[in-house]
Structure formats: structure tokens, C-alpha cells
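Reading through the C-alpha cells given below for one structure.
Residue numbering restarts at 1 for every chain, and letters A, B, ... go by the order of the sequence lines.
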Amino acid sequence: MMRFPTPSDVRVTLARLLSHEVTVDRGRIPNRQLLGHCTYEVVDHADRLRAIVAVELPLAHSLGAAMAMVAPDQVDDDTPNPHLLECAREAVNVLVGRLAVKNDAELHIDPSADGRRFWSASAIDSSHRITVKGYRPGTLAILEFRRTGLLALDAEPSLPDSVSSFA
Amino acid sequence: MNVLIVDDSPIMRKMLRRDLRRAGFDHLRIEEADDGAQAFEMLRRGRFDVVSTGWNMPNMGGRELLEHVTLNDFDVVAGVISAHATKAAKQSAQQAGAAFFVSKPFTPDTLRAELAEVLR
């Protein structure tokens, strides 16, 4: 069973990274309509899938804008902004670093994979509602990959050959 | 002092530049590489005093770059700045010759504290 960053871990990590005040509240199931662009696969040193991290688009834009020092009124959440999403990916990468340290495991985002393949709203293990001061809030959720019980959103899942636990 | 920053994220390289300046390291002449392979070529061709590398990067990661620095006997102080600061990564970096390992997220204060000796 994976150990997940606490709300305090997430708040402190993002506040340091973004140099902004950050509040973190209990999350909910992310809005599926908002997950199209920011769902990441987290893999280990052997490229085995370990977790999925999903970020609602407005939050991804907020994280990216705060990193890139783009003012809130310059962010348009109706259209995915590639530059802000690339910056947001780095913020998620830093949070995945916390996940790695908490589990003493080598974990990183697989840049070539789309986590929507394995996303399951019913299997969320950790969810945070994150607000970067001045920007729109949103939900960031993490689920630990388990071989059984995880359904692909749109297609038959392509499962790795073996999945072993962290323990 | 000539410093080479290696990270596959342009925004992280920009943030590191900014925070090094905010930490008071105004005397640095900074160049950038976006992966280990590019960094290795720059080290071969140029003169650098310090190289700071990310860990998980395409086209040669941080560990491999550190090994090349040691193998080629480059006269440079090399270390890591990475979000993936696990015990194994730190040990691996040290074995490969890293003089420092700074965890992301960094701040000007942490950079000042952890790199003062290296960047003076």
C-alpha cells in the first residue's frame, strides 16, 4: 500500500515551489470533463506503472501560471494552454518526487504515457482541493495502480507484465 | 564563476537562474543544457567550474552525466538538483561523484545554505 503526500506535504511543497500562498482542502472526485489534458502515469525504475495522477484543467493552468509568473487574469480555462500545462507538469513532477521519497522508491512521470488509459474515479486513494492564491482552484487526485479492478476509460487496458507491491 | 545548469524543463532552469540570483549569487555566468548528452558536449568544449544536473532526464540522465564527468576527469564540481531525493538517488549520486544534492522545491534560502561553499 502506497504512502501518499498529506495535505500539509502538498501545501508546503507547492508553496515553496511556486512562491505563492497555497491552501489545500479535502478533495473530491475530479470532474472527468476536466481531466483530458493533465493525467499522468507514474512509473518506477523498471518502467512499471505505479500510480496515476490526475489534475483538473483549471488547477493545472493555475499551477503552470504561478510557476511561469503569468497573471491570473491572463489564464483562459476554456482552452488548454500548452505552455502552462508544460509548466504544470513540472509542478506535478515535484509532487511525484514527494511520493517517491515517502515510499523510498524511484518514481517519475512517464512523459510518453497518457494516464487516462487507467483512470478510475472509483479507485482514488488520495485527493486534494488545491488553491494557489489569486488563481482558480481545482482537484489533484492520485490512485495507486493495482492490476485488478482498474478500468480504462475508453479502451481495453494494456497491462504491464507484472506488478509487484512496494512492500 | 561559470556554471552549467542541466534540466530537461525550461521552466525549472529559469526558476533556478532566478533563485540563484535571489540567493545573492550575482557573480555567476550561467549556461544551460536540456539533457545530459548536451551537457556532456558543452563540458567537453567549454570551461565550467560547477555543473548542476537534474536526475531523470532523456538522452542521458544525471547519474550517467556524473559518471562521464568523473571518467573524463573534467575539472568541475558536479552535483544534483532534483525532486527525486530518495535515499537511493542520493547514494547513487554520491557514488557517481556528486558533491551536492539539493532537493526540489528549492528556495533562495536553501540554495544559499546548500551551495555557499560550492559557489563562493
Side-chain angles (χ1 to χ4, degrees), chain A residues 3 5 9-20 22 40-47 50 53 60-61 63-70 81-113 132 166, chain B residues 5-23 32 34-37 52-64 66 80-96 98 101-114:
Chain A
R3 286 182 290 276
D9 285 335
V10 174
R11 183 183 58 77
V12 169
T13 299
L14 289 179
R16 290 182 91 181
L17 177 68
L18 305 175
S19 300
H20 275 74
V22 174
Y40 309 95
E41 292 186 14
V42 178
V43 298
D44 64 17
H45 64 282
D47 288 333
R50 293 302 195 183
V53 178
H61 275 165
L63 294 173
M67 282 188 80
M69 294 187 287
V70 171
N81 181 312
H83 172 58
L84 296 186
L85 294 182
E86 187 187 332
C87 295
R89 187 173 158 279
E90 285 311 307
V92 173
N93 184 50
V94 171
L95 286 173
V96 168
R98 292 299 309 147
L99 193 68
V101 170
K102 281 190 92 79
N103 292 279
D104 199 23
E106 193 179 318
L107 300 173
H108 61 275
I109 292 173
D110 180 347
S112 63
V132 181
F166 278 104
Chain B
I5 291 174
V6 191
D7 197 302
D8 58 331
S9 164
I11 188 68
M12 291 308 302
R13 295 197 304 266
K14 188 174 176 180
M15 291 172 81
L16 181 55
R17 269 188 186 264
R18 179 198 68 194
D19 282 359
L20 283 170
R21 203 168 48 245
R22 287 180 178 174
E32 298 178 17
D34 59 20
D35 60 43
S52 155
T53 179
W55 195 242
N56 292 313
M57 297 182 295
N59 299 328
M60 193 188 296
R63 182 181 168 106
E64 201 178 342
L66 291 169
V80 178
I81 297 183
S82 173
H84 302 274
T86 60
K87 279 184 237 158
K90 288 179 179 177
Q91 269 172 5
S92 181
Q94 191 175 33
Q95 284 163 5
F101 197 119
V102 177
S103 302
K104 288 177 185 174
F106 47 76
T107 63
D109 286 342
T110 58
L111 291 175
R112 191 182 306 117
E114 304 209 34

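A donor-acceptor pair under 3.5 Å is formed between the side chain of B/R63 and the backbone N or O of B/S92.
A/P5 approaches A/V10 most closely through the heavy-atom pair CB-CG2, 4.0 Å. When all heavy atoms of A/A91 and A/L17 are compared, the closest pair comes out as CA-CD2, 3.6 Å.
Residue B/T110 touches chain A through its side chain alone, counting heavy-atom pairs closer than 4.5 Å.
Taking 4.0 Å as the cut-off between side-chain N and carboxylate O, A/D9 and A/R3 do not count as a salt-bridged pair.
Top candidate by heavy-atom pairs under 4.5 Å with chain A, chosen from B/D19, B/D8, B/T86, is B/T86. For the options B/A88, B/A83, B/S82, B/P10, heavy-atom pairs under 4.5 Å to chain A are most numerous at B/A83.
Side-chain contact check for A/E90 versus B/M15: every heavy-atom pair is 4.5 Å or farther apart. Contact of the A/Y40 side chain with the A/R89 side chain is registered, since non-hydrogen atoms from C-beta on lie closer than 4.5 Å. With contacts defined as side-chain heavy-atom distances shorter than 4.5 Å, the pair A/L85/A/H61 qualifies.
Within residues 53-62 of chain B, the residues having any heavy atom less than 4.5 Å from a heavy atom of chain A are, in residue-number order, B/N56.
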